[in-house]
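Position 1 is the first residue of the sequence, and the numbers go up from there. All values reported here derive from a predicted model rather than from experimental measurement.
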Amino acid sequence: MRRFGIELTPEHPTEEIVETARAAEDAGFDTAFVSSHHFNRDPFVVADRIGRATALDVGPGVVNPYETHPVSLATRMGTLDETTDGRAVFGIGAGDRSALSNLGYEHDRPLRRVLEAFKVAQRLWDGEQVDHDGTFTARSAELNFDVGEIPVYVGAQGPHMIRMAAKHADGVLLNASHPRDFEWAADRVAEGLTERPDSRGEFDFAAFASVSVAEDEAAARAAARPPVAFIAAGAAEPVLDRHDVDHEAAARVGEQLSAGAFDAAFDAVTERMLDAFCIAGTPEQVGARIAEVSRYADSFVAGSPLGPDRTGAPTLLAAALE
């Protein structure tokens with residue numbers, strides 16, 4: 001695997017997140033992605049703190065080009081690359097449609113928006129002055145400081161975004177947890193790579209999987225219920241069908257979430273949903289599932305919730321992978 005990464009969700013105080021990042025580095029992880037949600041702490045601030053406290057590659061995982069203008073994202077990434085001595089990684093994706101709608105943003109032409117955003121960023125990092133008129137507008141945009149080479153990873157689930165990433169980006173963060181999804185996605189990556197110019201270099205197909213690990217299997221699966229509820233509620237029908245997840249059951253979870261009845265939504269998560277949308281269990285069970293996923297992916301990024309003990313989870317994960 002090219003990267004052994006971890007996703008950290010800044011829903012907890014920043015120093016606690018940094019502590020988990022230190023534990024991840026000690027356990028052998030090399031990259032930390034900080035998730036981006038408007039209701040949590042700022043991912044760039046947290047990423048900077050992680051970069052100062054560790055030697056990990058670090059960046060947002062993932063930001064969207066709707067809430068923040070793409071030129072401003074390029075500036076913030078360039079700044080992070082400077083403060084981390086060239087260890088910044090740019091994770092960018094289309095964002096969550098419902099969350100963006102709550103803020104008044106239209107989730108229009110997501111694939112084109114993501115592609116244009118990181119292409120403009122790359123031109124700015126190369127020192128160009130950029131005029132752009134597409135899904136967003138920029139006039140005479142430029143950066144007045146030097147930026148190094150920043151790898152771009154596209155967060156993706158759907159076939160078109162996966163193919164676009166394989167053609168244009170440095171990597172894809174496939175938001176999935178089941179080997180069946182990665183087997184399907186590997187074909188989409190292969191399709192995109194047929195159109196990838198050699199000049200773009202190697203491509204990293206990274207599994208960006210929800211993981212919950214603990215010595216107690218039941219505790220690990222219980223900790224996985226909150227993220228799995230959100231994943232199941234937002235899953236497309238073909239994804240539900242791929243895992244034989246009942247559409248009505250997934251809809252009930254979504255209805256409870258929309259009503260703010262979070263405990264009821266988490267209780268409504270079925271065992272099949274847990275198996276489909278999270279890698280959850282003991283270190284041995286988690287290690288076996290990651291090995292299956294890694295038949296298709298180049299890199300592995302362990303995403304939230306990590307487990308009932310967030311700080312101890314990186315050590316358990318590293319042991320599982322050994």
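- Glu271 has a carboxylate O that lies under 4.0 Å from a charged side-chain N of Arg225, or vice versa, which qualifies the two as a salt bridge.
- A salt bridge links Glu191 with Arg188; the closest basic N to acidic carboxylate O contact falls under 4.0 Å.
- Cluster membership check: Leu306 shares its hydrophobic cluster with Val293, using side-chain heavy-atom separations under 4.5 Å among Ile, Leu, Val, Met, Phe, Trp and Tyr.
- Side-chain contact of Thr135 with Glu116: a donor-acceptor pair under 3.5 Å is present, judged by distance alone.
- In this model, a donor atom of one side chain and an acceptor atom of the other lie less than 3.5 Å apart for Arg3 and Thr31.
- A salt bridge links Glu15 to Arg22: one of the charged nitrogens lies within less than 4.0 Å of a carboxylate oxygen.
- Considering every non-hydrogen atom in both Ser212 and Cys278, the closest pair reads N-SG, 4.0 Å.
- Annotation: side chain of Val239 is not in contact with side chain of Trp184 (no heavy-atom distance under 4.5 Å).
- Heavy-atom neighbours of Asp146 CG from other residues, nucleotides or ligands within 6.0 Å: at or below the threshold of 12.
- Figure legend: cation-pi geometry between Arg295 and Phe182 absent, as NZ or CZ is not positioned both under 6.0 Å from the six-membered ring centre and within 45° of its axis.
- Of all heavy-atom pairs spanning Asn64 and Leu73, the tightest one is O-CD1, 3.7 Å.
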Checklist entry - Could you walk me through whether Phe44 and Thr68 pass the side chain to side chain contact (heavy atoms under 4.5 Å, CB included) check? => result CA-CA 12 Å; Phe44 285 97; Thr68 304; over 6 Å; no
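- Of the residues listed (Glu142, Arg123, Arg139), the one engaging Gln129 in a side-chain hydrogen bond (donor to acceptor under 3.5 Å, both in side chains) is Glu142, and it is the only one.
- Salt bridge status for Asp42 with Arg76: present, with a side-chain N to carboxylate O gap under 4.0 Å.
- In this structure, a donor-acceptor pair under 3.5 Å is present between the side chains of His243 and Asp181.
- Of all the heavy atoms in Asp81 and Gly148, the pair that sits closest is OD2-N, 3.5 Å.
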